[in-house]
Amino acid sequence: MKNTFKINTRGLGQYGIFVAFVLICLLLSFITPKFLTVSNWTIIITQVSINALLAFGVTFVIITGGIDLSLGSVVAVTGVVAASMAHPETYPVVVPILVGILAGVSMGALNGLVITKSKVPPFIVTLGMMTIGRGLALILSKGRPISNLSDEFNFIGGGQILGIPLPIIILIIAFVICSIILKKTVLGRYIYAVGGNEQAAKASGIRVNKVKMAVYTLCGGLAALAGILLTSRITTGQPNAGVGFELDAIAAAIIGGTSTSGGTGTMTGTLIGALLIGVISNGLDLLNVTSYYQQVVMGAIIIGAVVLDSWNQSSQK
Amino acid sequence: MTLNPEYILQVFNLTKSFSGIKALEGVQLNVRRGEVHAIMGENGAGKSTFMKILMGLLQADAGQVFFEGEELRHSSVHEALKRGISMIHQEILMVPELTVAQNIFLGRENALWLKDHVNDQEAATLLAQLGMKLNPRTKMKYLSVAEMQMVEIAKAISNNAKVIIMDEPTSAISDKEVDALFKIIRDLKGQGVAILYISHKMNEIYEITDTITVLRDGKYIGTKSTKDIDNKSLIAMMVGREIESLFPPALASKGEVLLEVKNLSSKGKFEDISFEVRAGEVLGLAGLMGAGRTEIARAIFGLDAFDRGEIWLKGQKVTIKSPQEAIKVGIGYVSEDRKGLGFIPGLSVKQNISLSSLRRHSKRGLLQSKSEEEIASRTISELKIKASSMEQKVRYLSGGNQQKVVIGKVLQASPEVVILDEPTRGIDIGAKSEIYKLIRDLTARGMAVVMISSELPEILGMSDRILVLSQGKQTALFAKEEASQETIMRYAMHE
């Protein structure tokens with residue numbers, strides 16, 4: 001009987017963030033009439049899409065008890081690599097996309113390889129990769145932005161299908177696939193198991209290193225996708241793009257209820273986390289609050305979300 | 001080395017070192033189909049290392065393992081499980097955020113997609129076999145330790161294994177559940193499954209096992225048929241010498257009443273508990289799991305609030321609202337959860353001993369290492385803690401010595417009443433006898449000891465008086481001479 005009661009309250013953390021999200025949206029739509037319009041929301045979601053893709057990837061990683069700080073650099077490397085192959089009348093548009101994704105996947109796989117083989121903490125390994133990646137992006141681009149990209153390539157970030165911006169469509173597809181991986185596949189179960197109790201996972205015959213390899217690779221791949229989206233949207237491959245993106249992505253995951261100690265988290269939570277960040281910065285924009293203050297607000301929200309979550313956790317005990 | 005088809009598992013000359021120290025040296029083992037084979041030895045004898053090598057959790061340096069006549073060179077748990085070896089781990093290895101069924105089938109999901117609904121049903125059937133009424137969809141983290149251990153057992157037997165390693169499977173479960181486990185073990189035996197059984201509980205060894213292999217200091221000592229070896233010679237094999245008497249004699253004279261508990265009640269936990277303990281006396285608290293013994297100790301020590309009742313110390317009524325207050329009035333508590341609440345594994349022996357009394361070893365916030373070291377070395381010699389030095393990390397000590405460190409820390413506050421909760425759980429017999437001597441020393445120094453224990457021989461051997469609890473109520477209070485295992489059990493199961 002005790003158990004059924006507890007089960008009923010278990011998702012409160014996630015509902016909590018959802019309720020907060022709805023309340024903030026309501027509040028903003030009362031304060032400024034521009035907020036609750038189709039065009040504004042199209043802007044919000046398009047802007048959120050890049051952060052959300054990164055956040056989905058890092059959610060996998062954080063659930064296993066790891067972290068990935070190299071995401072911003074992966075975005076830059078991918079962007080530069082893809083842009084250098086996306087000039088008009090060179091390769092078909094799939095080539096820069098695939099090569100870009102390959103670059104991100106390799107960086108993620110390399111993260112995973114070093115983490116599993118060396119037992120160096122993910123924080124350190126991916127911190128190193130962050131710097132390496134930034135260096136690579138500068139080397140590959142010779143430090144200069146790569147512009148003059150083909151219209152097909154620029155369509156990815158700027159185009160629409162049936163009136164819906166392509167980034168939103170990509171976001172939705174990625175969300176569905178990531179949710180399915182996490183909830184419906186064996187890999188997803190292993191991701192939770194490794195983060196929940198690595199020893200137990202090992203004793204159950206799970207090849208823990210393979211699972212870790214998979215999540216860092218997946219995370220690199222999603223970051224590459226985000227890099228291509230960004231490059232296409234700003235129609236330039238920027239070696240300095242994506243600085244600090246990893247922190248926004250981690251923030252979205254954490255606000256969405258993913259525990260940094262591993263073992264818990266959902267894609268829905270992360271999506272709401274990313275949307276919340278987007279809505280708040282959009283709302284503050286509409287209210288003409290300068291970006292300096294926006295940063296202060298955002299930081300407070302991150303801490304607040306984790307405090308709420310830990311209260312919620314302890315009230316369950 | 002000869003392979004014999006009678007044996008399902010044969011081990012030759014297994015050797016394993018950890019950073020130069022031999023944990024196993026030339027160990028051998030022959031296990032027949034359908035037998036329950038005990039692996040005995042003190043802690044540190046190498047039993048767990050041995051089992052972990054069989055399970056693929058560790059790699060041997062040298063030696064051979066043959067399973068069903070084929071050499072096992074598996075390097076992973078995955079391989080061991082696939083071949084038909086599974087293990088009930090001593091430290092319950094479960095993923096707290098997953099459900100019971102998800103934990104049971106973890107690592108054995110065949111396809112790409114999860115089939116939780118099928119597994120839920122199978123898990124329910126399995127648990128029913130074990131006499132458990134558990135919702136397979138409950139998350140692991142909401143289970144009691146006993147329930148978790150039962151799930152661990154269910155997980156191991158559900159693998160259709162041919163050899164099941166059981167490393168202290170009964171350390172956290174009650175007699176009823178032990179009975180269910182033993183029934184399962186007998187069924188498995190009938191199906192030809194071999195069980196490797198590790199336990200420190202002698203009565204279990206004699207009840208369930210057919211053969212006993214003894215290890216000592218990582219070496220193979222011998223294999224005997226269980227019915228051919230008595231308790232005394234078995235212990236002699238394990239410790240390499242005879243332990244004349246495990247329990248040192250009690251003090252003849254007792255002093256004044258130090259602790260008196262009157263009508264202590266806490267709703268849903270215990271009701272109307274009254275007892276007194278004198279200086280120099282050991283009061284044993286006996287009862288089954290869930291009888292409320294630990295809850296009473298926690299209430300007295302100020303860890304949990306209680307509804308009614310009084311606590312008196314040396315004739316004075318005291319109010320205790322926190323452990324700090326309990327320590328101040330002279331109560332010390334050594335928790336049953338040694339790893340969780342007792343010591344900090346990454347700190348040294350010295351640092352652990354002085355941890356709760358650091359203020360006495362500091363001036364204006366700066367640590368005075370001299371006084372800290374003095375206290376540490378005195379405690380180490382008084383309690384006979386075996387450590388390479390006071391700087392050794394407690395993580396690397398044996399269970400018995402870790403327990404001594406915890407007791408040493410508690411003694412720093414100079415308590416007059418010490419509550420010991422399962423003081424010898426998971427500790428081997430040689431170290432047990434040292435803990436018993438230590439308890440007698442405490443009483444000789446004029447302290448009163450309240451000892452909670454699930455091991456009846458320990459309760460009978462150490463206590464001057466025995467308070468029996470059942471479902472939160474006290475059902476009997478015996479003088480040592482009046483009590484026997486049977487009478488205690490009868491009152492412990494009193495409805």
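In what follows, chains carry the letters A, B, and so on, assigned in the order in which the sequence lines appear, proteins first and then strands, with residues in each chain numbered from 1. None of the values given here were measured: they were computed from a predicted structure.
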Is B/Glu152 in contact with chain A via its backbone, its side chain, both, or neither, using a 4.5 Å heavy-atom distance? neither

Which of B/Leu106, B/Val77, B/Asn103 passes side chain to side chain contact (heavy atoms under 4.5 Å, CB included) with A/Ser204? It is B/Leu106

Between B/Lys115, B/Lys82, B/Met94, the one whose heavy-atom pairs under 4.5 Å with chain A are most numerous: B/Met94

Of the listed A/Gly196, A/Gly195, A/Gly263, A/Gly205, the one with the largest count of heavy-atom pairs under 4.5 Å with chain B is A/Gly205

Can you see which heavy atom on B/Arg108 is nearest to which on A/Tyr190, and at what distance? N-OH, 4.0 Å

Separation between CZ (A/Arg207) and CD (B/Glu79), nearest 0.5 Å, reads 8.5 Å

Nearest 0.5 Å please: distance from the CG atom of B/Leu114 over to the CG atom of A/Leu187. 9.5 Å

Look at B/Leu93, B/Ile92, B/Leu98, B/Asn159 and state which one has the largest set of heavy-atom pairs under 4.5 Å with chain A. B/Leu93

Nearest heavy atoms of A/Asn197 and B/Pro96, plus distance in Å: CB-CD, 4.2 Å

Can you tell me how far CG of B/Asp116 sits from CZ of A/Arg189, rounded to the nearest 0.5 angstrom? 4.0 Å

If I measure from the heavy atoms of chain B, does A/Tyr192 come under 4.5 Å with its side chain, its backbone, both, or neither? both

Between OG1 on residue A/Thr264 and NZ on residue B/Lys141, distance to nearest 0.5 Å: 7.5 Å

Could you check whether any side-chain heavy atom of B/Trp113 comes within less than 4.5 Å of a side-chain heavy atom of A/Thr185, counting everything from C-beta outward? yes

